[in-house]
Structures are given as C-alpha cells and as structure tokens.
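Throughout, protein chains are lettered first and strands after them, A, B, ... in sequence-line order, and every chain is numbered starting at 1.
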There are 2 protein chains.
Amino acid sequence: MAIESNKTVRLSRQRETILAELRKVKTHPTADEVYDMVRRILPRISLGTVYRNLDFLSSRGVVLRLGGAGTQKRFDGTPEPHPHLRCSECGRVEDLMAPIHLPSLAAEEAMGYTSLRCDVEFVGICPMCANSKM
Amino acid sequence: MAIESNKTVRLSRQRETILAELRKVKTHPTADEVYDMVRRILPRISLGTVYRNLDFLSSRGVVLRLGGAGTQKRFDGTPEPHPHLRCSECGRVEDLMAPIHLPSLAAEEAMGYTSLRCDVEFVGICPMCANSKM
DNA sequence: ACAGTATTAGGAATTCTTCTTAGTAGAGCG
DNA sequence: CGCTCTACTAAGAAGAATTCCTAATACTGT
C-alpha cells in the first residue's frame with residue numbers, strides 16, 4: 001500500500017456533509033449514527049459511503065477514530081491501569097515501558113460517572129508498519 | 001439486567017486456563033488469539049466459551065478489555081487530543097470537561113513508534129447506566 | 001446419590017464493516 | 001461546449017467479529 005501523493009482529492013457533497021455533521025455534534029457518534037445524521041440532508045447517501053469517508057477523513061487526521069485500527073477487541077491480563085502503545089495501522093497494542101504519570105479525576109469532575117479508571121494510550125505508527133510503508 | 005450477587009461462581013477448567021494463558025503473555029491478544037493459545041491446552045474448547053469468559057472476567061475487573069464496551073467504532077470531529085469519558089456498560093463516549101494535563105512522551109521512550117498522539121480516556125459507568133442497574 | 005444450576009460445545013444468527021461493480025459527476029483541456 | 005480522465009458514489013453482496021441458542025455436561029451443597 002504505497003503513498004500516492006499526486007492524487008487529486010475531491011471534496012464531494014457527501015464527504016463535505018459527513019464532515020460538517022460530525023463537527024456539529026459534541027457526542028461521538030458511531031458510523032451508523034453519522035449515517036442517520038447525514039441522511040437527513042442527503043437521503044440517497046449509502047452506508048458504504050459513510051464508512052469510506054470516515055476512513056478517509058481519519059486517515060488524513062481530519063477526524064479521530066476512537067479505539068484505533070482493527071475491529072477486534074484486545075484483552076490485557078493485568079487489570080491495574082498502565083499506559084499502552086497502539087499502532088494505528090496494524091492495531092497492535094503493547095505496554096509502554098516508560099513511567100508516565102496517570103492523570104486522575106476528582107469526583108466532582110467526573111460528570112456523574114462512577115467506578116472510574118484512567119486509560120492512557122499513545123497512538124502512533126509502530127516500527128514494523130513504518131518500514132513496510134517505504 | 002439486575003445484579004444477582006448470590007450466584008455461585010464456578011472456576012471451570014476453561015475459565016481458569018483462559019485467565020492463566022492471558023496472564024502469561026505481555027502482548028494484548030484478541031479473542032481469537034486467546035482461543036488459539038488456550039486450544040493448545042484444551043483442544044475441545046469453543047470460541048464462544050472464550051468470548052463468554054473474557055466478557056465475564058472483564059466485567060469482574062479481573063482482566064481488561066481495551067477499547068471499552070460495544071463493538072462499534074466512534075468518531076470525533078475534533079482531531080486535537082482531548083480527554084474522553086467512556087461508559088463501560090453502554091459504550092457511550094463524551095468529552096471530559098475538566099482540564100487534564102495530558103502526558104507526553106519523549107522520542108527515546110516511544111519504543112520506535114512515530115507520529116504519536118496521546119489518548120486519555122476515563123472509563124466508568126455513566127449516570128444513566130448506574131440508574132438502570134438498581 | 002440426587003437435585004439444582006453454572007457452564008460448555010457446536011453451530012446458527014446477528015451485527016458491523018469492507019468490498020465489488022456499474023454508473024455518476026466534477027475538473028482540466030481543446 | 002464537448003471530451004476525457006478519474007475520484008467518487010449507490011446498492012447490495014460478501015466477509016469478519018461477536019453474540020445467541022440448545023442440548024448436554026459437570027460442579028456444589030445437601
């Protein structure tokens with residue numbers, strides 16, 4: 001999957017609307033919630049288009065896809081909070097060795113949430129993926 | 001979905017092995033990677049059992065399920081790093097209003113990862129889910 | 001040993017996401 | 001203005017990940 005930087009990028013009505021609608025809300029919608037939002041403006045848009053554009057936009061860093069690449073969930077045998085490193089390309093997750101000060105939250109800042117723990121994840125491109133891109 | 005605290009919990013051979021294997025590794029395996037690991041010890045285990053037990057164990061806080069509840073990805077129109085609140089029950093994500101100091105990472109601590117950004121997520125139970133549990 | 005029930009295997013069903021194909025539409029150029 | 005090139009789209013099929021269902025199994029307490 002090489003980088004093709006000489007491709008013309010087109011801001012289609014669909015792509016523009018998806019981005020605008022996503023920026024309008026303060027929630028963090030799933031793909032099909034975005035689909036519903038956009039469909040009120042462009043009733044003929046397809047779900048595939050929404051997925052493709054969310055992909056496109058997040059790969060450019062214009063929007064954020066929470067939870068990183070890959071559709072599978074990952075599990076950690078150590079339940080104590082500790083920082084992770086996640087590759088945005090291949091989805092791999094490993095423990096971060098550097099000592100990091102975990103932020104904490106006072107009860108009155110928690111907006112009503114209970115049993116809070118803090119997950120810190122550094123998201124980037126792992127050495128293997130960085131190599132295979134050249 | 002009420003809390004039934006008088007249920008006997010049974011530590012079956014399957015559940016025990018899943019936990020032991022998960023604790024053995026420093027990677028953060030997906031459910032089917034756990035399935036592969038455990039199958040070398042209990043060849044007749046089923047994938048459904050692995051899923052059910054990973055669910056069970058993470059709901060008890062014995063292991064960690066990264067990326068929270070819900071299988072759908074969520075999108076954020078604001079690409080600048082900012083802390084989130086995620087409900088481990090319903091999967092909802094919202095912006096945290098309290099100002100938090102985001103940890104940062106020196107290049108030599110990044111274990112070869114590049115283009116790093118930092119995601120901070122506080123995971124807990126949102127007010128709505130806390131209510132519906134009573 | 002017996003009853004009651006938590007747990008399992010196996011596979012079907014569901015849910016979410018990606019892919020395929022044929023067609024559409026915008027940009028550059030004569 | 002018409003032509004060409006190609007990014008993009010709609011529609012639905014295909015694929016992948018996860019959950020659900022059912023009958024059978026195996027602990028646990030009595």
Side-chain angles (χ1 to χ4, degrees), chain A residues 1 3-19 21 28-36 38-60 62-63 65-75 88-93, chain B residues 1-19 21 28-36 38-39 41-60 62-63 65-75 88-93:
Chain A
M1 209 184 276
I3 301 175
E4 305 172 43
S5 47
N6 49 352
K7 264 198 186 180
T8 324
V9 173
R10 219 172 270 176
L11 186 60
S12 68
R13 194 148 163 52
Q14 288 85 343
R15 181 170 297 167
E16 189 181 14
T17 308
I18 288 168
L19 180 56
E21 288 302 295
H28 299 73
T30 59
D32 69 279
E33 285 166 354
V34 173
Y35 179 47
D36 285 344
V38 173
R39 223 172 357 166
R40 290 203 287 266
I41 299 167
L42 305 173
R44 298 190 47 74
I45 200 171
S46 78
L47 181 57
T49 297
V50 172
Y51 270 105
R52 186 165 16 77
N53 279 301
L54 287 174
D55 243 35
F56 175 90
L57 292 169
S58 61
S59 76
R60 303 277 171 134
V62 180
V63 307
R65 189 213 308 254
L66 305 182
T71 91
Q72 295 174 75
K73 286 267 143 72
R74 291 181 174 272
F75 295 87
S88 55
E89 301 295 307
C90 65
R92 157 217 317 277
V93 176
Chain B
M1 211 183 277
I3 302 176
E4 306 171 42
S5 46
N6 49 353
K7 265 198 185 179
T8 324
V9 172
R10 219 171 270 176
L11 186 60
S12 68
R13 195 149 163 51
Q14 288 85 343
R15 183 170 295 167
E16 190 182 13
T17 308
I18 288 168
L19 180 56
E21 288 302 296
H28 299 73
T30 60
D32 70 278
E33 284 165 355
V34 173
Y35 179 48
D36 285 344
V38 173
R39 224 173 357 167
I41 299 167
L42 304 173
R44 297 189 49 75
I45 200 171
S46 78
L47 182 57
T49 297
V50 172
Y51 271 105
R52 186 164 14 76
N53 278 301
L54 288 174
D55 243 35
F56 174 91
L57 292 169
S58 61
S59 76
R60 303 277 171 135
V62 181
V63 307
R65 189 213 309 254
L66 306 182
T71 91
Q72 295 174 74
K73 286 267 142 74
R74 292 181 173 272
F75 295 86
S88 54
E89 301 295 308
C90 66
R92 155 218 317 277
V93 176

Would you please name every residue forming a side-chain hydrogen bond (donor to acceptor under 3.5 Å, both in side chains) with [X], sequence neighbours left out?
X     : value
A/T71 : none
B/E21 : B/K24
A/R92 : none
B/Q72 : A/T30

- Which nucleotide in the set C/dT18, D/dA17, C/dT7 lies at the smallest distance from any side-chain heavy atom of A/Q72?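 Output: D/dA17.
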The correct set of residues in residues 43-53 of chain B placing a heavy atom under 4.0 Å from DNA chain C is B/R44, B/I45, B/S46, B/T49, B/R52, B/N53
Q. Taking only residues two or more places apart in sequence or in another chain, which ones pass salt bridge (charged side-chain N to carboxylate O under 4.0 Å, His left out) with B/R65?
A.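 Only B/D55 meet the salt bridge (charged side-chain N to carboxylate O under 4.0 Å, His left out) criterion with B/R65.
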The salt bridge (charged side-chain N to carboxylate O under 4.0 Å, His left out) partners of B/D36 (sequence neighbours excluded) come to B/R39
When the rotation axes relating C1' atoms of four end pairs to the next four are compared across the helix from C/dA1-D/dT30 to C/dG30-D/dC1, five pairs an end, they differ to 10° by 40°
* Got a sec, which residues hit side-chain contact (heavy atoms from CB on, under 4.5 Å) with A/R13, two or more places apart in sequence or on another chain? ->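 A/R13 satisfies side-chain contact (heavy atoms from CB on, under 4.5 Å) with A/T17, A/L42 once adjacent residues are dropped.
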Which residues pass the side-chain contact (heavy atoms from CB on, under 4.5 Å) test with B/T49, not counting sequence neighbours?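 Partners of B/T49 by the side-chain contact (heavy atoms from CB on, under 4.5 Å) criterion, ordered by chain and then number, come out as B/Q14, B/I45, B/S46, B/R52, B/N53.
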Listing time: all N or O pairs from protein to nucleotides 25-30 of chain C that are below 3.5 Å?
residue	atom	partner	partner atom	Å
C/dG26	N2	A/R10	NH2	3.3

B/L19 atom CG is separated from C/dT7 atom C1', nearest whole Å, by 16 Å
